[in-house]
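Below you'll find the structure, written out as structure tokens, and then a few comments.
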Amino acid sequence: MDLFEYQAKRLFGAHGIPVKLGEVARTPDEARAAAERIGCPVVVKAQVLTGGRGKAGGVKLAATPDDAAEKARTILGLDIKGHTVKLVLVDPAVDIATEIYVAITLDRAARRALIMASAEGGMDIEQVAVEKPEAIVRVHIDPAVGLQPYQLRQLAFGIGLPAPHHAAFADLVTRLHNVFEAADATLAEVNPLILTTAGEMLALDGKVTVDASALYRQGALAADRYDGDLTDAERAARDAGLNYVDLDGSIGCLVNGAGLAMASMDVIKLFGGEPANFLDIGGGAQADKVEKALRIILADARVKAVLINIFGGITRGDEVARGIVAALGNIATDVPFVVRIVGTNAEAAQTILADAKLHSGATLAEAAQKAVQLAAERGAA
Ligand code: GDP
Ligand code: MN
């Protein structure tokens, strides 16, 4: 889960990293008011979950509150790499002397956190990485002993940082590492980390990615999570603990396991149909979860048939079949269902499905073909 710059910098601030955080604004008027409170000049910055905002025209200096409103007007609504800007951050502007790059990321191959730093921070860091990789200093952190002072010196000397700034740099990187660990992050990046003309060190930008699997213990970050790009169905699914993605087709899919869900969608397409969604209900598909999933699927009026494909492993097939029948008893719908259950207790499942007069298929191909045919009979495009 990516954080917006303003969220990342708020987190930095809470961990004692020097930031100059202003206010977020949704409209030009809000940006003007924020600039008035903060004091000009300010910098108006697009808040989108992608990088390269500066180059895309999403970061602009403003000399007066009216100018801030004007800059906000040009930035709001901008499309940056497929992300529409709905929010800007109005920060106090600073005079930059030096732009440094520092980031901590999870190096999965090394099974360690990796700190990277470069004297050539700013908007061209990707280019530096490709053309001058030696300009990026890398230090791995041994999880058994943690970040060591000598490693901080290695980084500071490695990027040629003047000695008077070493202490501030070491402190900042230590705190960034605290953020990285405390937030269960897979990335904590400051680019640029700047020295102002007055010699002050500041995190001017912030990028933090929180491991989504750790959100259960990241209460505050999870609560502040941005979900404006999700559809209503996707939001409902997330709240129900379901792995769901809206698609455009007419055949609803309810599957246990992400791989099986992908395969089910492929087979639907193979027989000329189009899936209406991706849905992985996970293991232990109990009746209430099945019911929630079915309600989400059926809320989409484009759904003309539903394919339920369950592999009974630890989750017993008969239990799932009972869950489906119970769920359907609670939902009024005339959308036809085709159910395929294989694996543990598959025969018992078949009996339950047959008693409930549900369509079933012995193989995925047969079930998918039937679902495509039923959807077509009901006017699916
Ligand atoms: P990014 O392009 O998405 O990484 O956005 P950044 O927050 O890193 O901003 C891009 C660039 O804008 C920085 O590298 C700075 O050069 C410039 N910038 C951002 N804030 C200020 C500021 O307060 N004053 C000045 N002079 N430049 C700024
Ligand atoms: Mn940046």
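We count ligands from 1, going down the list as the structure has it; atoms in each ligand are counted the same way. Fair warning: this is a prediction, and the values are worked out from it, not measured in the lab.
At a threshold of 2.8 Å, the Mn ion (ligand 2) has a backbone or side-chain N, O or S atom of D205 nearer than that distance. At least one N/O/S atom of N191, whether from backbone or side chain, sits less than 2.8 Å from the Mn ion (ligand 2).
No donor-acceptor contact under 3.5 angstrom links the side chains of Q369 and Q373, judged on distance only.
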>> Would E274 and K269 count as a salt bridge (Lys or Arg N to Asp or Glu O under 4.0 Å) here? Give the steps.
In response: CA-CA 6 Å; E274 286 293 333; K269 280 173 169 274; 3.3 Å; yes
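Judged as a ring pair (Phe, Tyr, Trp, His ring centres under 6.0 Å), not a single pair has a partner in residues 303-360 (not counting sequence neighbours).
Listed by chain and residue number, the protein contacts of ligand 1 are V43, K45, G52, R53, G54, V59, L61, A93, V94, I96, E99, M123, N191, P192, L204, D205 (heavy atom within 4.0 angstrom).
Considering all non-hydrogen atoms of both residues, A327 and L294 come closest at CB-CD1, 4.0 Å. The two residues V94 and L204 have their closest heavy-atom pair at CG2-CD1, 3.5 Å. The two residues A31 and A72 have their closest heavy-atom pair at CB-CB, 3.5 Å.
A salt bridge is absent between R138 and D107: the closest approach of a Lys/Arg side-chain nitrogen to an acidic carboxylate oxygen does not fall below 4.0 angstrom.
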